[in-house]
Amino acid sequence: MIYGFFPGCAYQAAAGYKESVDAVCGLLGIELREIEDWNCCGATAAFSRSQKEALVLTGRLFALAARQGFEEIVTVCNACYSTLKKAAKLLDGQPALLEQVNRVMAAEGLLLEHPLPVKHLLEVMLRDRSRLSWPRGECRLPEQVKVAAYYGCQLTRPWQDVPRALRPDILESLLEAAGIEAVDHSARTLCCGASHAVAYSGRCQVLIDRIINGIRAKGGNLVTTVCPLCQFNLDQGQQGRAGDKVPVTYFTQVLGLAFGLPPEKLGLKKLLVPLKRIGL
Amino acid sequence: MEASFEPKIIALVCNWCTYTAADLAGTSRLKYPANVRLVRLMCTGMIDVKYVIKALLDGADGVFIGGCHPGDCHYINGNLKARKRIQGVGSILESFGFEPQRLALRWIGASEGPEFAHHMTEFVNTIMQLGPNPSKARMIL
Amino acid sequence: MNKEIPRIGVYVCHCGMNIAPRVDVEQVAEFASRLDHVVVARDYKFMCSNPGQELIVEDIKAHNLNRVVVASCSPRMHEATFRKACRKAGLSPYNFQMANIREQASWVTDDSRLATAKAKDLVAAAVGRVAFHRPLQTRRVEVNKSVLVIGGGIAGIQAAISAADAGYKVYLVEREPSIGGHMAKFDKTFPTLDCAACIMTPKMVIAGQHENIELLTYSEVVGLEGFVGNYKARILKKPRYVDEDKCTGCGTCMEKCPTRRVPSGFEEGLAFRPAIYSPFPQAVPKTPVIDAEHCRLLAKNKRCGVCAKFCEADAIDFDQKPQYLDLTVGAVIVATGFAAFDPSSMVQYGYGIYPEVYTSLQFERLNNATGPTAGQIVMKNGQVPRKVAIIHCVGSRDRNHLPYCSRVCCMYSLKFAHLVREKTGAEVWSFYIDMRSPGKLYEEFYNRVQAEGVHAVRGKVAMVTDIVDDPGRGSLTVVAENTLTGRNLRLPVDMVILSVGLQPAEGAGEVARMAGISADGDGWFTELHAKLAPVNTPTAGIFLAGCCQGPKDIPDTVAQAMAAAGQATALLAAGTVETRAEISSIDPDICSGCKSCLQVCPYNAIYFDEGRQVAVVNDALCQGCGSCSATCPSSAAAVAQFNDSQVMAEIDAILA
Ligand SMILES: Cc1cc2nc3c(=O)[nH]c(=O)nc-3n(C[C@H](O)[C@H](O)[C@H](O)COP(=O)(O)OP(=O)(O)OC[C@H]3O[C@@H](n4cnc5c(N)ncnc54)[C@H](O)[C@@H]3O)c2cc1C
Ligand code: SF4
Ligand code: SF4
Ligand code: FES
């Protein structure tokens, strides 16, 4: 199946995200077709500078995607996801804003009638599972690996369409579909500090420690994330920790391992806390 | 002429639900267009088709009928009888030269003050779009 | 028939500042004075005041008026007042009509020109129709001397006792196996901290033994029709599978039943009960019920019947079937109470996820001497908590859930704070939005609890989580902002109590529908008037008591129950009620005998006179719905006060 894909700026550089997304999507029969000529979504920064500018950045993405024949936009990053969703809600509800954006985009010959639905890759995998070539075989992840699903705070907040937003379970459901029973823990949507981890590293370290401790307390020894920044913060943030580090992966890396894809195709080497800690 | 069109609307409402809802809209100070004139009846089930036709022939720009939600009628099922009767009127209206949209039937419960105000606004808007009662126009011609 | 020439007086009310100045009342009066048949038209500050009414009385005499129109508020408010004034001056109260220029004009219109124009139309309509009014006759009919009380909480119990003490027969219907309602679950009650059982149990016993009260527990009202003085109620008695007459209440069956692990609703899921059970030791009646869903024999068709084998009174009867009972009563008191808000949907508080998060009702049981821990406030592991958080307003004052204040939660939370301090010495942290203690001795109670060293933090809790920064200091963390200091707080605790709000009882909507009463947007039953008729409903003969009308504490509940009983017994004591005048009649000279009306009358109030070959209305049964008049092809049927000429005149006048 073909999806209109918005990779976002952090994706390429993220530790093994692209490799594992490519490998897993290849196996499942998902073709992520990049929106041609895409631009940065502006992330949280653009909205705090100027709503209008932020809406032009995002509006352009919607217009491009629509022109290229896509009916929805798939992302792999929480910040892209929430930025696009926020823009879609604003543009949908306020025709005046849409008009403003269209006036700017006219210079480029672009016209947006209405924003497109925005989905995380995780959501479309779950939704379209029956139409994908989902592997039948057994889960190849060794039993000693106890996966904890971590959502971060932006996937469900504030423009939430994800069910049970305060204690979501869609990632657990996806893992379960791959034969993985995730540990039940309460750190799912705690904030990792996001981009503040650079400027306020001290304060964000407290947040990161809390997440890792919360997961460890429930027996988790592998974290799986759905966002480049979350992965980076949780992985990097453990460098000062003593012996009780837990590897932090992307959900596509864990799925790849469960499906029995060769580890070298999943970019696992790029992780800071190495997987061999848990015998992988 | 167009801009100053102030339609006159006759609203035949039942005492138990819609009239009470109108009272609630009042006590809650909800504003809605002043074009509506309520005629209080005990139940929509007592609305004779001739009231509707007479109102339109006499120049009302719209007739609104409001009663209790199905199941809530104070007299068991007067509202359902009204619905049946009113459904039959549409075609008659057209033969008299009235657009069927000039007649509306809505269920508005006793606690639904905001809904009452909303339905009034919506119906007045519909009538504004339709323009004055055609029989009035004919009379002027 | 009615040859007299109408002489109409019109009175336009200012209602202080409510109608004037938005509606130009003087202009409306001047307009009215020029309408056909209007003899006098005046405006006056308060028509409903004594001088206002006197104005009408004097004018009727001085000007020989035979019709009156008052343009003021809703007829639902003051029609009775002005009709009385007419009657006082010797005029038939039915030769009167109200124009509602307050709720329908001044209060809902910003533009004063449009409001005035609308008011004029409404006055013209009233004048137009009143010319066609004529005096109506009513009769007095006997009132049935019994009362039906729906719901056996403290409200229903008190209402039943009060009415029964006044000498009337009372049927008290409760859907649970025992009466008692929520209060039966409490150990202590604020603000006096008196023992709930000590004040409640005697009332239950009185209700159970009163010669005038017939208890119908494990029963529900499934049909209610009729009218004031003469309601017909159909009661469904669910099968108990235990014969109430034979059972001695010894409890052997409950001890012997092999099905032991059914979560107890009365214990809020904190304990188990057998399949045959009585919800609590002081239950009234004592007769247990078999829960057919869990009984081995009834649900699973297994050979069991252990209870029957051990029952010495031979009271177990597996063949019992649902029974229906038809009652005729003069008045109905609705007392269906409330349901506690289910906090599972507020995932941030972790109820149902973390074992040490309790609802307030669970805490009531935990603290109760007859509860699952025999009144010890302990955690699931049996240990005494060292630090307890109480979260106020769970669900309440929250537009995602219950938008209103549930009124009792602040006070019962303070009660909990006191009990935890007293019984365990644990640190108590109360998180509130606003502390609401408006009631006799309530503020004093608040001060007392504060002095006991309870920490009160003003701030809504963001979340309760099992992520703890120091595992040694409690298994849960409460995350909140103290809005008085502006600081964020991460408080480690052992136990969290959620002070959940109150919402209407399950099935309240169905009860409202049957009783023909209305409920507000939140589902609470609506009283006739928020200030002046707090226990009456718009349906004569149906009264409200307790929390079904809105959240309230026990003193207010009991006061309202007594008031409802007072209203009901006053009605019964009067002995008769006036029949409605606004009923149908069929003109035999016009009736063609087509029988269409017989088909549509929902009350079977029309019969066919074979001799004269015409339909006739039975005026004792007719409710005046007008189905017949709208159906009659020859316009022979007409409802008084709503006949064709009256309604048409009203429409005519508006469109003139
Ligand atoms: C946790 C908590 C603690 C409280 N503590 C105090 C306190 O310390 N002091 C105080 O003054 N107040 C307290 N209150 C308030 C108190 O509970 C109420 O004021 C009181 O219970 C109201 O009584 P009621 O009879 O109106 O309602 P309920 O107690 O709810 O009784 C209603 C009864 O009607 C029955 N019923 C419902 N629907 C039907 C139906 N369709 N057919 C037949 N039967 C039906 C129910 O089964 C129930 O038995 C507390 C409330 C809570 C939630
Ligand atoms: S039949 Fe058996 S299971 Fe059912 S109530 Fe009696 S003893 Fe209990
Ligand atoms: S008004 Fe007519 S239809 Fe209605 S109850 Fe009376 S007789 Fe029956
Ligand atoms: S009483 Fe309202 S529709 Fe019948």
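Reminder, nothing fancy here: chain letters follow the sequence lines and each chain counts from 1.
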Item to check | side chain to side chain contact (heavy atoms under 4.5 Å, CB included) between B:Leu38 and C:Leu122, intermediate numbers included | outcome: CA-CA 8 Å; B:Leu38 255 62; C:Leu122 294 175; 5.5 Å; no
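- Top candidate by heavy-atom pairs under 4.5 Å with chain B, chosen from C:Lys118, C:Arg513, C:Glu103, is C:Lys118.
- The two residues B:Lys50 and C:Ser635 come nearest to each other via the heavy atoms NZ-OG, 3.1 Å.
- Per-residue heavy-atom pair counts under 4.5 Å with chain C were compared for B:Thr20, B:Asn77, B:Val49, and the maximum is reached by B:Thr20.
- Of residues 114-124 of chain B, no residue lies under 4.5 Å from chain C by any heavy-atom pair.
- Electrostatic pairing of C:Glu79 and B:Arg40 counts as a salt bridge here, judged by a charged N lying under 4.0 Å from a carboxylate O.
- Rounding to the nearest 0.5 angstrom, the gap separating the SG atom in C:Cys601 from the CD1 atom in B:Ile76 is 9.0 Å.
- With a 4.5 angstrom heavy-atom cutoff, C:Asp644 touches chain B via backbone and side-chain atoms both.
- Between chain C and the residues B:Arg29, B:Met42, B:Glu112, B:His74, the largest count of heavy-atom pairs under 4.5 Å involves B:Arg29.
- When all heavy atoms are compared, the tightest approach of B:Ser111 to C:Ala519 is CB-O, 2.9 Å.
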Next on the checklist: Pair B:Tyr19, C:Asn100 - check side chain to side chain contact (heavy atoms under 4.5 Å, CB included), show working.
Outcome noted: CA-CA 11 Å; B:Tyr19 193 89; C:Asn100 181 353; 3.1 Å; yes
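- With respect to C:Thr631, the side chain to side chain contact (heavy atoms under 4.5 Å, CB included) criterion is satisfied by exactly one of B:Lys81, B:Met46, B:Arg85: B:Arg85.
- The minimum heavy-atom distance between B:Cys43 and C:Cys625, with the atom names listed, is CB-O, 3.7 Å.
- Put simply, the side chain of B:Lys54 reaches to within 4.5 Å of the side chain of C:Asp652, judged on heavy atoms.
- With a 4.5 Å cut-off on side-chain heavy atoms, C:Ile654 and B:Val39 count as touching.
- Residues satisfying the side-chain contact (heavy atoms from CB on, under 4.5 Å) test with B:Glu99, not counting sequence neighbours, are B:Gln101, B:Arg102, B:Leu130, B:Pro134.
- Taking C:Arg102, C:Met514, C:Gln104, C:Met77 one by one and counting their heavy-atom pairs under 4.5 Å with chain B, the maximum is reached by C:Gln104.
- For chain C, the nearby part of B:Ala110 is the side chain; its heavy atoms alone come within less than 4.5 Å.
- What you find for C:Tyr603 and B:Tyr75 is that their closest heavy atoms are OH-CA, 3.1 Å.
- Per-residue heavy-atom pair counts under 4.5 Å with chain C were compared for B:Ala25, B:Ala60, B:Pro33, and the maximum is reached by B:Ala60.
- Proximity to chain C (any heavy atom under 4.5 Å) is shown, for B:Lys31, by both the backbone and the side chain.
- Both the backbone and the side chain of B:Asp58 come within less than 4.5 Å of a heavy atom of chain C.
- If you measure heavy-atom distances from C:Thr526 to chain B, you find no contacts under 4.5 Å at all.
- Heavy-atom minimum distance, B:Ala34 versus C:Leu114: CB-CB, 3.8 Å.
- Using a 4.0 Å cut-off between charged nitrogen and carboxylate oxygen, C:Arg76 and B:Asp23 count as a salt-bridge pair.
- For the set B:Ile47, B:Asp72, B:Leu41, the count of heavy-atom pairs under 4.5 angstrom toward chain C peaks at B:Leu41.
- Smallest separation of non-hydrogen atoms from B:Gly59 and C:Leu655: C-CD2, 4.3 Å.
- Neither the backbone nor the side chain of B:Ser28 comes within less than 4.5 Å of any heavy atom in chain C.
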